[in-house]
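Encoded as structure tokens, the structure appears first; notes follow it.
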There are 2 protein chains.
Amino acid sequence: METATRRERLRAQTREEAKAAALRQIAAAGPHSLSLNAIGKELGMTGPALYRYFDGRDGLLTELISDGYHDLADAVEAAGEAAAGAEPADRIRALARAFRNWAIAQPHRYLLLFGTPVPGYQAPAHTIEAATRTLQAFLEPIAALGPGSRAAVLEEQLAAGLADRSPDHPWSGPVLRLGVSGWTRMHGVVSLEVEGHFGPMGFDPGLLFEAEIESLIEEAASS
Amino acid sequence: METATRRERLRAQTREEAKAAALRQIAAAGPHSLSLNAIGKELGMTGPALYRYFDGRDGLLTELISDGYHDLADAVEAAGEAAAGAEPADRIRALARAFRNWAIAQPHRYLLLFGTPVPGYQAPAHTIEAATRTLQAFLEPIAALGPGSRAAVLEEQLAAGLADRSPDHPWSGPVLRLGVSGWTRMHGVVSLEVEGHFGPMGFDPGLLFEAEIESLIEEAASS
DNA sequence: TTGAGTTAGTTAGAAGCTCTAACTCAGGTT
DNA sequence: AACCTGAGTTAGAGCTTCTAACTAACTCAA
């Protein structure tokens, strides 16, 4: 079904151009100074014209966020497939590095996903799907390491919570615990790194990230 | 020197009222909808009047951030003093819980400190001082557990980087590594929690936080 | 007590923003 | 050839920050 009318093609193209301009602006001066007028000017049209393409400023922003989640999930999944034949520990390393590389290559986009949300914002369903896709990629290699139980109550909550949404998932409590734990640890390092909070401390955040991953792998391999 | 003129007292009071109103607004609708006009109205004056008190909207915002760093550092340090007699592991637990409690009691403030920064923003010096004060509180109990070396290059960078700024600090590389590692892990959990990213996963973030702290303590206690 | 100086707060206005409404005009369809 | 859809325009309401100029009140010193 690749039949798109001429109009639809042009429309899609303008949408992409507008989003690209928006990302440029966000990268340059932060999301708070994203201006529809300025985007319009960049595309050679007036501000209000963009309302034909997006549901206002907020609509554009949520679309950028949604795109980001999908893009990140794709990057992580691609790394997983590229390392499909490797040892479980190496698969985890590959996934984690893909996550961090995506973030530091475009910090403003990472912050769009995981920075300050506006109160009351509700992510659309397919966004949540993409977010869990990223997390899910880590579960298989973690499971292959056969982790033992540690925080039993937490693990039960995780297993039960997931079972609510997909009743016959294959993941054990410990696997899920290490999954979210890995997620929070990666986010902890990457988030502070892209926000510049390590500032003058004079160390390579990449090394800290690697150390955290190694620690996670060890925990996953210890029953 | 508690002699403040009447004018100074009134001035200080209006400043505090303005900041309180600002925090209320941020809590209600996010930092992006903080409006000087609205604050003025709440205080019973016009918007431009606030320019006598703050260096514009950005000035007010940086002041709120700075206050936040000091407040957080105070809270963590207070918890450290309250647990001064306890075992090192229990001191770490007390500090970590104080950190998380501060954050979840006022999520908007935590996000002000550790959420999306505006590009180019440079924190004033005393803000950085308060930020390191928070981190430093963890170093003493970590050191008491006598951690062994793990990621040697990283540890050397941390020790050298700190030596640049305070030449005769008492902290070993492993202690510093576990310090920033603890910071990133706490931030990883707390940040995703206050941003609502755990949303429908149906587990208690507090349990995850505790598990991360236990894992950190174990690492610190293993030579 | 009176006069001078400082400072808080005012209004007016420039420049920018989002967003709605009404209009024009070009492209595609019947 | 006539019609309709949809892209893009301008106009304008109602916000915003922020500057400039002015008033009024308070503080302090002679």
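Quick caveat: nothing in here was measured; it's all calculated off a predicted structure. Reminder, nothing fancy here: chain letters follow the sequence lines and each chain counts from 1.
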How many Å lie between [atom1] on [X] and [atom2] on [N], as a whole number?
X: B/M45; N: C/dT10; atom1: CE; atom2: C1'; value: 12 Å
X: A/I39; N: C/dT18; atom1: CD1; atom2: C1'; value: 12 Å
X: B/L43; N: C/dA8; atom1: CG; atom2: C1'; value: 13 Å
X: A/L10; N: C/dG28; atom1: CG; atom2: C1'; value: 12 Å
X: B/K41; N: C/dT10; atom1: NZ; atom2: P; value: 13 Å
X: B/Y51; N: C/dT10; atom1: OH; atom2: P; value: 14 Å
X: A/R52; N: C/dT20; atom1: CZ; atom2: C1'; value: 12 Å

Residues two or more places apart in sequence or in another chain: which of them pass side chain to side chain donor-acceptor pair (under 3.5 Å) with A/R93? A/D90, A/E214
Classify the nucleic acid contact of [X] as base, sugar-phosphate or nothing, counting any heavy atom under 4.0 Å across all strands shown.
X: B/R57; value: sugar-phosphate
X: A/R11; value: sugar-phosphate
X: A/F54; value: nothing

Carefully, step by step, assess B/L162 and A/M201 under the rule side-chain contact (heavy atoms from CB on, under 4.5 Å). CA-CA 7 Å; B/L162 182 53; A/M201 295 177 89; over 6 Å; no
Main-chain N/O of B/D204 paired to A/Q157 side chain as donor or acceptor, under 3.5 Å: yes
Do side-chain atoms of B/R109 reach the backbone of B/D71 as a donor and acceptor pair under 3.5 angstrom? no
Using a distance-only test with no angle check, is there a side-chain donor-acceptor pair under 3.5 angstrom linking [X] and [Y]?
X: A/E212; Y: B/S181; value: yes
X: B/T116; Y: A/E195; value: no
X: B/S215; Y: A/R185; value: yes

Are B/H197 and A/H187 close enough that their ring centres sit under 6.0 Å apart? no
Please compare B/R7 and B/D58 by the position of their nearest nucleotide in DNA chain D and report the one closer to 5'. B/D58
Mark yes when over 12 heavy atoms from residues, nucleotides or ligands other than B/D164 sit less than 6.0 Å from its CG; otherwise mark no. yes
On DNA chain C, compare the nucleotides closest to A/P48 and B/P48; which residue's is nearer the 5' end? B/P48
Listed in order of residue number, which residues of residues 18-38 of chain B have a non-hydrogen atom at under 4.0 Å from DNA chain C? none
Heavy-atom contact window of chain B on DNA chain D, given 5' to 3' at under 4.0 Å: D/dT16 to D/dT27
